[in-house]
Amino acid sequence: MGEASCAAKGDVVHQEITRWFGQQARDLPWRRGCSAWGILVSEIMLQQTPVVRVQPVWEEWMERWPTPADFAAAPAADVLRAWGRLGYPRRALRLHAAAARILEEHDGAVPDTYPELLALPGVGTYTAAAVAAFAFGRRTTVVDTNIRRVHARLVIGQALPAPALTAAETALATDLLPEDADESVLWNAAVMELGAVICTARSPKCDLCPVLDKCAWIAAGQPEPTYIPKGQPWAGTDRQVRGAVMAVLRAASSPVHADLFWDSVAAQVHAETAPALRKLHDLNTHAPQLERALAGLLSDGLAQLSETGYHLPH
DNA sequence: TAGACGTGGCG
DNA sequence: TCGCCAAGTCT
């Protein structure tokens, strides 16, 4: 596809998608003109985690720790408990480290450039671009899973983007980005929203799509994906045990002795789904798995060990 | 660069 | 019911 056709297509599609966004955008708390800190917190929480689960935690978080300084002063255990069941708790620790860095190196203010944001713990290319755009109005190329999927269908004509982000995808996203900064911010948000609400991975709502008649995937007859997405194993994995251990530690008011850990973790796992149980019912004969999980949590700084047992970090 | 890393809702 | 999938990052 040549540059001219992309640019021409971009102009038409731009109007329709941004107009749709203006009318249909979800009313999310971090879209109501919150601080850059609020945007950063939302972006970290939203990594691999649905909006509906993030929203209540974000609300409590911002009330409790309205600035990076407030948050940096909190004990790690409080941070991990407040994170609750959002998942991937290492994100909470990295955000904590990022807040400390913001205090030390940026005078307590979230930095406003892409490279400075990218240097913060837990902030990768997506989050750095998103914060630069949505918190500071900068023209940056934002590429997340939603945007990748919309581009794959609308422009390329494929059901799904490649398994991993390619340079070509980033180049396409940059090519489609409006020159004007304000328009680019709106465009990034609008395409992301379209992917999240209409152009979804499974059963997309094409009948509600504002650019259905411009979609290359529709024009091609909605071809099937060209590869099978890898599954994400869970039941019976170390990850499940880590999750169960973390749930026990968050609930504990005092250190949990190693000898008692299995009973606590088993009770936690017992509360989970039947398939998980099936894989794990004999896990107590596999103490090495629990040992691996504990060792991993220790080395990740998510847990600490003292004479009386395991506990959340101070 | 492929694999590890939580969790819960939905089709 | 069970596998897919969600605003990724790090090693």
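In what follows, every chain begins at residue 1, and chains take the letters A, B, ... in the order their sequences are listed.
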To the nearest 0.5 Å, what is the distance between OH (A:Y310) and CG (A:L249)? 10.0 Å
Rounded to whole Å, how long is the line connecting atom CG of A:D300 with atom P of B:dC5? 8 Å
On a whole-Å scale, what distance lies between the P atoms belonging to C:dC4 and B:dG3? 16 Å
For nucleotides C:dT9 and B:dG8, find the distance between their P atoms and express it as a whole number of Å. 23 Å
For A:R292 and B:dA4, give me the distance from atom CZ to atom P, rounded to whole Å. 11 Å
Is it the case that the side chains of A:Y88 and A:R94 hold a donor-acceptor pair, with the cut-off being a distance below 3.5 Å and no angle test? no
How many angstroms lie between CH2 in A:W37 and CG in A:D70, if you round to the nearest 0.5 Å? 9.0 Å
Please check if any side-chain donor atom of A:Q47 sits under 3.5 Å from a side-chain acceptor atom of A:T127, or the reverse. yes
For A:Q23, I'd like to know if atom CD has over 12 heavy atoms of other residues, nucleotides or ligands within 6.0 Å. yes
For every nucleotide of nucleotides 5-11 of chain C, 5' to 3': is a protein heavy atom under 4.0 Å from its base (B), only from its sugar-phosphate (S), or from neither (-)? BBBBSS-
Would you say A:R91 places a side-chain N or O within less than 4.0 Å of OP1 or OP2 belonging to B:dC5? no
Where each residue is assigned the nucleotide of DNA chain B containing its nearest heavy atom, which of A:A164 and A:D238 is assigned the position nearer the 5′ end? A:A164
Would you classify A:I44 as touching base, sugar-phosphate or nothing, given that sugar-phosphate means primed atoms plus P, OP1 and OP2, and contacts are heavy atoms under 4.0 Å? nothing
If I take atom CZ in residue A:R239 and atom P in nucleotide B:dG8, what distance separates them, rounded to the nearest angstrom? 13 Å
Round to the nearest Å and state the distance from A:Q289 atom CD to B:dA4 atom C1'. 14 Å
In whole Å, what is the span from the CG atom of A:L93 to the P atom of B:dA4? 21 Å
Spacing of the P atoms in C:dA7 and B:dA2 (rounded, Å): 22 Å
ILVMFWY cluster membership beyond A:L103 - transitive side-chain contacts under 4.5 angstrom: none
Residues, nucleotides or ligands: over 12 heavy atoms within 6.0 Å of A:D107 CG: no
